[in-house]
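What's counted below: heavy atoms across the whole structure, side chains too, no hydrogens, waters or symmetry copies.
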Amino acid sequence: MIQTLYYLERDFRRWVRGRINVVSALVMPAAWLIFVGLALPIRFTDNYLDFITPGILVLTMLGASLQGGALLMFDKVLGFLPKFLAMPAPRESILFGKILFITLRGLIQSTVILIIAVILGAHFLDFLLLIQTYLILMIFGILLSSVMTTVALSLEDHDSYSAFNAMVSMPLFFTSSALMPYDQMPGWLAAIARLNPVSYAIDGVREVQAGIFPASTFLGLMIGAFIVLAVSISVFRKATV
């Protein structure tokens with residue numbers, strides 16, 4: 001466990017030193033809150049900011065996870081990964097450190113976005129509801145970061161990873177329930193949105209926001225995160241033999 005925390009600390013130090021990376025990761029979610037959440041004329045709800053905030057929080061975790069896989073890619077391309085593998089620490093601690101860092105970074109970014117949303121007028125003030133919201137975001141972050149580290153291990157260079165990132169990021173968000181409820185979507189889009197894992201997390205946060213404990217969402221995300229993490233460990237072991 002202590003080795004995992006060392007790798008976590010390394011990535012946090014590197015992230016904090018790149019101040020532009022800290023700021024840039026918050027620009028798009030904040031812009032969505034301000035320019036869409038406050039300005040878009042919507043008729044299906046009286047407070048669109050309350051409706052869109054869960055989607056923006058999950059979008060923030062999605063962005064953090066998609067970008068996070070690049071950390072492992074850079075370590076692999078720049079030659080740091082072979083040096084880490086030569087150390088006496090368990091090899092899996094490298095992977096766990098990356099996944100933990102990506103998830104915690106996403107939660108920090110989501111906290112900033114949540115504060116902005118509350119300042120703008122969103123209602124996320126109940127402490128118990130916030131705990132459940134963070135649990136959903138954390139499990140979702142572990143699931144997505146496990147997927148992206150697996151992708152980073154499977155691809156050969158950063159350009160390929162960037163292309164994959166660009167290919168999946170916007171479709172995942174725009175085919176989700178982030179911007180509108182299912183009954184306001186065209187039938188074909190609603191069918192896709194219901195299968196989208198991003199929608200699954202967003203709907204869970206919305207249920208929490210409504211005072212409903214989303215047991216099925218927690219269970220589904222935990223099972224998905226466990227399966228993907230197991231696959232990621234297997235791929236990591238094969239890639240570092």
Side-chain angles (χ1 to χ4, degrees), residues 21-42 44-45 47-70 102-103 105-114 116-117 120 122 124 133-134 136-152 161-209 214 217 220-221 224-225 228:
N21 296 328
V22 178
V23 176
S24 63
L26 300 172
V27 171
M28 186 172 69
W32 275 102
L33 277 176
I34 296 170
F35 297 113
V36 177
L38 292 179
L40 198 65
I42 295 297
F44 61 80
T45 178
N47 191 335
Y48 188 54
L49 187 64
D50 276 355
F51 180 85
I52 199 176
T53 296
I56 301 303
L57 292 176
V58 174
L59 170 66
T60 304
M61 291 300 299
L62 174 67
S65 300
L66 292 177
Q67 295 172 8
I102 295 168
T103 303
R105 182 180 67 177
L107 290 175
I108 292 172
Q109 294 170 348
S110 297
T111 300
V112 176
I113 296 301
L114 183 61
I116 295 174
L120 293 175
F124 276 85
T133 298
Y134 272 91
I136 292 175
L137 294 176
M138 181 182 69
I139 299 170
F140 180 72
I142 292 173
L143 191 157
L144 261 293
S145 57
S146 298
V147 170
M148 296 314 295
T149 50
T150 304
V151 170
Y161 182 84
S162 298
F164 179 86
N165 193 334
M167 180 178 67
V168 302
S169 56
M170 286 297 100
L172 278 175
F173 180 66
F174 284 111
T175 59
S176 72
S177 59
L179 301 179
M180 64 183 71
Y182 299 111
D183 58 7
Q184 298 292 319
M185 300 178 186
W188 62 269
L189 181 57
I192 296 174
R194 292 182 187 279
L195 299 175
N196 190 336
V198 176
S199 296
Y200 202 68
I202 293 171
D203 294 345
V205 176
R206 288 199 177 121
E207 288 180 4
V208 168
Q209 193 179 9
T217 299
L221 288 176
V228 174

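The minimum heavy-atom distance between Leu49 and Ala117, with the atom names listed, is CD2-O, 3.8 Å. Of all the heavy atoms in Gly141 and Ser65, the pair that sits closest is O-OG, 3.7 Å. Here the closest heavy-atom approach between residue Pro214 and residue Ile136 is recorded as CG-CD1, 3.9 Å.
Side-chain atoms of Phe140 and Val198, non-hydrogen and from C-beta on, do get closer than 4.5 Å to each other. Residues Phe51 and Pro181 meet the side-chain proximity criterion, which asks for heavy atoms closer than 4.5 Å.
Side-chain atoms of Arg206 do not come within 3.5 Å of backbone N or O of Pro54 as any donor-acceptor pair. A donor-acceptor pair under 3.5 Å is absent between the side-chain atoms of Ser145 and the main chain of Thr103, judged by distance alone.
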- prompt: Between Leu179 and Phe174, is a side chain to side chain contact (heavy atoms under 4.5 Å, CB included) present by the stated rule, with each step listed?
  reply: CA-CA 8 Å; Leu179 301 179; Phe174 284 111; 4.0 Å; yes

query: So Leu114 and Tyr134, side chain to side chain contact (heavy atoms under 4.5 Å, CB included) or not? Walk me through it.
result: CA-CA 11 Å; Leu114 183 61; Tyr134 272 91; 4.0 Å; yes

message: Test side chain to side chain contact (heavy atoms under 4.5 Å, CB included) on Leu144 and Met61; report intermediate values, then the result.
response: CA-CA 8 Å; Leu144 261 293; Met61 291 300 299; over 6 Å; no

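Within the model, atoms OG1 of Thr175 and CE of Met185 stand 8.5 Å from one another, a figure rounded to the nearest 0.5 Å. In this structure, OG in Ser199 is found 9.5 Å from CG in Leu172, a value given to the nearest 0.5 Å. With rounding to the nearest 0.5 Å, the separation of OG1 in Thr133 from CE in Met138 is 12.5 Å. Taken to the nearest 0.5 Å, the OH atom of Tyr200 stands 11.0 Å off from the CG atom of Leu143. Here the CD1-CZ distance, from Ile202 to Phe173, works out to 6.5 Å after rounding to the nearest 0.5 Å. Here the straight-line distance linking atom CG of Leu62 with atom CE of Met148 works out to 9.0 Å at 0.5 Å rounding.
For the residue pair Asn196 and Ser176, no side-chain donor N or O sits within less than 3.5 Å of a side-chain acceptor on the partner. A side-chain donor-acceptor contact under 3.5 Å links Ser177 and Asp203.
With Ser110 as reference, Thr60 is the one residue of Ile56, Thr60, Val58, Leu59 to meet the side chain to side chain contact (heavy atoms under 4.5 Å, CB included) rule.
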